[in-house]
Amino acid sequence: MIVRHIALVSACAVALIACQPAPEKAAVAEGPRVIAATDIEAGRYLILTGGCNDCHTPGYPQRGGRIPESEWLKGSGTGFYGPWGTTYPHNLRRTVAGMSEDDWVEMLNTREALPPMPWPSVRAMADADKRAVYRYIKSLPLEGDPAPTGLPPGQVPTTPYENMMPHGAGAQG
């Protein structure tokens with residue numbers, strides 16, 4: 001009798017265990033990232049909150065961000081003049097048009113370019129966010145001109161520029 005009772009309890013336990021859903025595999029996370037309904041929406045959010053428009057969209061900071069989205073990320077002819085020379089914000093629409101998504105992620109992970117681009121912050125982004133930014137930019141129409149070519153240290157730009165020299169030294173923009 002006791003043997004039958006133990007066998008019955010054991011059979012019930014096995015049946016209950018068999019009815020339980022299989023445990024879900026934990027997703028391999030690469031760290032924090034933006035979650036949105038689509039990658040394009042996540043990319044738009046990252047562009048908007050990451051300050052990309054501050055440099056890559058002409059007039060954005062001066063107009064308090066009141067620039068139509070149709071004008072975002074077309075680059076700027078206003079340079080940043082500093083001890084490194086003069087750099088210009090690229091037309092990101094043209095940049096992504098000329099590269100694959102994997103190339104974009106690789107560039108953002110490895111590029112060591114000149115200021116004021118915040119490369120350490122960009123490299124710290126999750127690859128999923130870098131891909132979302134690429135997909136957002138790629139969703140925009142290919143418009144706008146390429147940025148001017150950067151200048152070496154000491155060469156004064158003929159374009160408008162922000163003086164980023166220590167204590168305002170150097171050329172006056």
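Residue numbers count from 1 along this sequence. Only a predicted model underlies this, so the values are computations on that prediction, with no experimental measurement involved.
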Problem set entry | Rounded distance (nearest 0.5 Å) linking atom CZ of Arg94 with atom CD1 of Ile137 | 14.0 Å
Problem set entry | Flag, side chain of Arg93 to backbone of Trp72, donor-acceptor distance under 3.5 Å | yes
Problem set entry | Distance (rounded to the nearest 0.5 Å) between Leu92 CG and Lys138 NZ | 12.5 Å
Exercise. Mind checking whether Ser76 and Cys55 have side chains closer than 4.5 Å, heavy atoms only?
Worked result: no
Problem set entry | Check: Met99 main-chain N/O paired with Asp103 side-chain donor or acceptor under 3.5 Å | no
Exercise. Between CE of Met125 and CG of Asn109, what distance do you get to the nearest 0.5 Å?
Worked result: 10.0 Å
Problem set entry | Atom pair CD (Glu71) and CZ (Arg63), whose distance is rounded to the nearest 0.5 Å | 9.0 Å
Exercise. Between Arg44 and Glu69, is there a side-chain N and carboxylate O pair less than 4.0 Å apart?
Worked result: yes
Problem set entry | Within-4.5 Å side-chain heavy-atom neighbours: Asn53 and Ile47 | yes
Problem set entry | Donor-acceptor contact below 3.5 Å, side chain His90 vs main chain His56 | no
Distance-only donor-acceptor pairs under 3.5 Å for side chains of residues 139-148, two or more places apart:
residue: Ser139; atom: OG; partner: Tyr136; partner atom: O; Å: 2.6
residue: Glu143; atom: OE1; partner: Lys74; partner atom: NZ; Å: 3.0

For this session: Give a yes or no answer on whether the side chain of Thr57 reaches the backbone of Leu73 with a donor-acceptor pair at less than 3.5 Å.
Result: yes
Problem set entry | side chain to side chain donor-acceptor pair (under 3.5 Å) between Tyr88 and Thr149, worked out | CA-CA 7 Å; Tyr88 294 90; Thr149 303; over 6 Å; no
Exercise. Looking only at heavy atoms, what is the nearest atom pair of Met165 and Asn163, with distance?
Worked result: N-OD1, 2.9 Å
Exercise. Can you name the nearest heavy-atom pair linking Val34 to Ala42, along with the distance?
Worked result: CG1-CB, 3.8 Å
Problem set entry | Side-chain heavy atoms of Pro89 within contact of Phe80, under 4.5 Å | yes
Seminar exercise, completed: When every non-hydrogen atom of Ala126 is compared with those of Arg33, the smallest separation belongs to CB-CB, 4.0 Å
For this session: Could you tell me how the ring of Tyr161 sits relative to the ring of Tyr81: parallel (under 30°), tilted (30 to 60°) or perpendicular (over 60°)?
Result: tilted
Problem set entry | Value rounded to 0.5 Å, distance of CD1 in Ile35 from CD in Glu41 | 12.5 Å
What donor-acceptor contacts under 3.5 angstrom involve side-chain atoms of residues 111-124, with partners at least two apart or in another chain?
residue: Arg123; atom: NH1; partner: Arg111; partner atom: O; Å: 2.6

Problem set entry | Gap separating the OH atom of Tyr60 from the CG atom of Leu48, nearest 0.5 angstrom | 4.5 Å
Exercise. Would Asp102 and Arg131 pass as an ion pair if we require N to O under 4.0 Å?
Worked result: yes
